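Only heavy atoms go into these numbers, but all of them, side chains included; no hydrogens, no water, no symmetry mates. Please read all numbers here as calculations on a predicted model, not as lab measurements.
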Amino acid sequence: MSVKHQHANPARALLALTLIAAAFPLAQAQTADSSLSAAAAGEPNTVVVTGTRSLNRRTLDSASPVDVIGSKELLGTGSSELATVLSRLLPSMNFARPTGADASDAVRPAQLRGLSPDQTLVLVNGKRRHTSAVVNVNGTLGRGSAPVDLNAIPLAAIDHVEVLRDGAAAQYGSDAIAGVINIILKRGADGGEVEASFGNFDKGDGDQTVVRGSTGFKLGDKGWARVAVEAGNRLATNRAGADPRLQAGPRQGQVNQRYGDPDSKPRALFLNSQYSINDNIDWYAFANYGERKTSSAATFRTAYTSDARTTLRSPLYPEGFLPLEDSKSTDSSLVTGLRGDLAGWRWDASLNYGRNRFELDVNNTVNYDLGAASPTSFYAGKLTSTQELANLDIARDIPVSWMAGPLTVALGAEARYESYEIGAGEANSYFGSGAQGYSGFRPENAGKNSRNNQSVYLNLEGDIVKDLNASLAVRHERYSDFGNTTSGKGSLRYAFTPQFALRGTVSNGFRAPSLAQEFYTITTTNYLVVNGTNTPIETGTFPVNSAAARALGAQALKPERARNLSIGAQWQPIRNWTTTVDLYRIDIDDRVVFSSNLQLANAPALNSALRSQGIFVGAARYFTNAVDTRTKGVDVVSTYRLNLQQGARADFTVAYNHNDNEVRHVAASPDVLAANKLVLVDRQSVNRLTVGSPKDKLVLGADYTRGTWSGHANVTRYGKFTVPQNDPALDQNYDPQWVLDVSGSVRVASNWRVTLGIDNLTNRYPAQVTSAGNLNVNGTQPYSVWAPNGFNGRFFYAKAGYSW
């Protein structure tokens, strides 16, 4: 089966954007291959550490596209969430804002180049970051993924972010299919800053207060430590419509649903440190601890079971009730190691520990099967994801007589242990139909599973001749649950002139299914289209090795296999103007996806098989290696600085991404499903991969600085996307959306800075969800959770900061 949706010709889009970039080098805060922070200093040739083992590889010398985003740019928007900020600065990144999606409200996923969120590897100071314990199981962006929680890393701790937009499994291992995000922490004992910010939305809700700070101090005369803290209080937003249903009883015609950003209270602490033991050995360590408490709303339960208003759903809530999912996500990590030089070799030996724990209570709810004796608050259980890692890297620059420069030889070995644990909720949370909103984890769901893997790698990199750079990487890994795999990557870059170069890479890679995808299980209420109408149904998610999943035809998961190909051009006609264009193609076989929501009402044999196991659900699903995909696209970025009179300057950038996803093959449904006229991967699941995120994104912006004053304007065009259904008649197509963000700052005295800004100045909202098939739940949920810019509207903010 091959599924492809037609869109605007990418070659035509590439030509148009290249002409724009050449004629009018405008815009904002992304650079591909030129650092924004460096560009702001007039030094676009920033040294990067991501995607290379060389000591002096610059952004403009890189054979793969690397974006470098500085702290100033990260703090230059109204948002305090890292994923939100990166999605505004990087056209290739998409970050929707799901609501009513259970745990995905609290831990929101971001995607790079239209691929799954867990197909991007996240590093901190070059070390692998642990993943979230939360699995995105509902109808949202990244359905079925369990990626790193980017928003757990506070902006106060970050010096800059390097984003490698290329496959890098041969260099870093599993997950690096779409690319790598490397977060570099602030370092050193000197200087510091504190900042307080406040903002709210045009509708008068969603107040956000954030206080952050960073400072350093010396450890004797040989070391330093730097501490960053951040605390926020973000109140909920609500864009729900009035409830017209008769069964709402006394609350008919009122706004009963909460539909928007959840109430969130993040707290985070980061420490980065280093100490020189002697002239050849340094000790280093960085660690963090953070908590984020979130209160998100499930679907409102009406007072009565029908419009006849004869039977109350629960005597405890005669006016109906809105279940609240109150969670606490706790992240802790510690990386420590030694590095130095020995006999001409650079070496780095480290230990890495990381853990995310997600605990959930369900409040303001009821368990119908407990009647009037039901509690109204329940402990639903917890999820824990843990990573432990030991790593040794060594590298040396070896002179080779026939090469124009030294050959960088890097070798390394790594051992990693991962575990995933489900903790059961209290008995009342899962008894019978369970707590409304989120049924607790059952004892049979609970347990701890683990695996280990070992890997070795070799990297070679150097200048073959003066203008030709080449690199080769190979990595071999052994997983205790998936066996052996080998990845390779080759790169070339040739500079035809000092101003113009071509580059290209070819690689293969893999992603091992996460332990969460292998073992996660839960029963929750989902809205599914039944006979043309959006209907709430109890839906079970089952691990592939469980008896329930096996009864539905599930098979053991296997790793995803990827092949990456890219070719690009770099042009720097003058020092202050840089343009890059990169074309890419990513093929992924055996991609891990969520199955269809297998509705069991018309499959009595399967329903009986589950009931015999004590499982009472109306629909079921599990993970499966069911599709092969191809992603093709182009990135265009052009940056320009204009130096003006009296020391003033203007910085412009244009950044564009076009992405086209195609499903090339869909696995056949297992016989047991086909016999019951059920489909393993349905039309909706396939089309979510191909058309669910914007096909293109354009960022235009300008920064102006003169003396103590500075101003910033940013225009983003989010391309069209589609929210698909199994019935094509219910598909909804969304037109492109333009969003304008502006801000202005003034430096007061020498240490104070005040900033005022407005995000979404023109107050743009996406189109409302159609009422066809009750997809808008009787008008109470009027906007799509797939909207790339959310649906909160205009946001006003003010910041005051002091630095030393």
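With Tyr765 as the fixed residue, the ring-ring contact (aromatic ring centres under 6.0 Å, His included) test singles out one of Tyr783, Trp738, Phe791, Tyr734: Tyr783. Applying side-chain hydrogen bond (donor to acceptor under 3.5 Å, both in side chains) to Gln274 and the options Lys222, Arg339, Arg226 leaves one that passes, Arg339. Put simply, the residue from Asp331, Asp149, Asp105 that forms a salt bridge (Lys or Arg N to Asp or Glu O under 4.0 Å) with Arg292 is Asp149.
Looking at Lys186, its side chain never comes within 3.5 Å of a backbone N or O of Ser71 through a donor-acceptor pair. Ser273 contributes no side-chain N or O that, together with a main-chain N or O of Ala225, makes up a donor-acceptor pair within less than 3.5 Å. With Asn151 contributing its side chain and Ala83 its backbone, the two residues share a donor-acceptor pair below 3.5 Å. In this structure, Asp205 contributes its side chain and Asn238 its backbone to a donor-acceptor pair below 3.5 Å. Under a 3.5 Å cut-off, the side chain of Asn125 and the backbone N or O of Leu185 do form a donor-acceptor pair. Using modelled atom types, one side-chain atom of Arg267 and one backbone atom of Gly232 make a donor-acceptor pair closer than 3.5 Å.
In this structure, Tyr584 and Thr505 have side chains that are not in contact, with every pair of non-hydrogen atoms separated by 4.5 Å or more. Side-chain contact between Asp759 and Tyr797 is present, with heavy atoms from C-beta onward closer than 4.5 Å. Contact check for Glu193 versus Arg753: no side-chain heavy atoms found under the 4.5 Å cut-off. In this structure, Thr716 and Asn789 have side chains that are not in contact, with every pair of non-hydrogen atoms separated by 4.5 Å or more. Two residues are said to be in side-chain contact when any heavy atoms from C-beta on lie closer than 4.5 Å; Ser264 and Thr294 meet this criterion. Considering only heavy atoms from C-beta on, Pro266 comes within 4.5 Å of Arg234 through its side chain. Within the 4.5 Å cutoff, the side chain of Asp261 has heavy atoms near those of the Asn792 side chain. Counting heavy atoms from C-beta on, the side chains of Asn182 and Leu164 never come closer than 4.5 Å.
For the pair Asp263 and Lys265, the salt-bridge criterion is met [side-chain N within less than 4.0 Å of a carboxylate O]. Using a 4.0 Å cut-off between a side-chain N of Lys or Arg and a carboxylate O of Asp or Glu, Asp635 and Arg165 qualify as a salt bridge. Salt bridge annotation for Arg129-Asp175: absent, with no cationic side-chain nitrogen under 4.0 angstrom from a carboxylate oxygen.
Atom OG of residue Ser471 and atom CG of residue Asp463 lie 10.5 Å apart, to the nearest 0.5 angstrom. For the atom pair NZ (Lys720) and OG (Ser693), the distance works out to 13.5 Å, reported to the nearest 0.5 Å. For the atom pair CD of Glu461 and CD of Gln171, the computed distance is 8.5 Å after rounding to the nearest 0.5 Å.
Between Phe201 and Phe795, the angle of the ring planes lies from 30° to 60°, which puts this pair in the tilted group.
When only modelled atom types and interatomic distance are considered, Asp348 and Tyr284 share a side-chain donor-acceptor pair under 3.5 Å.
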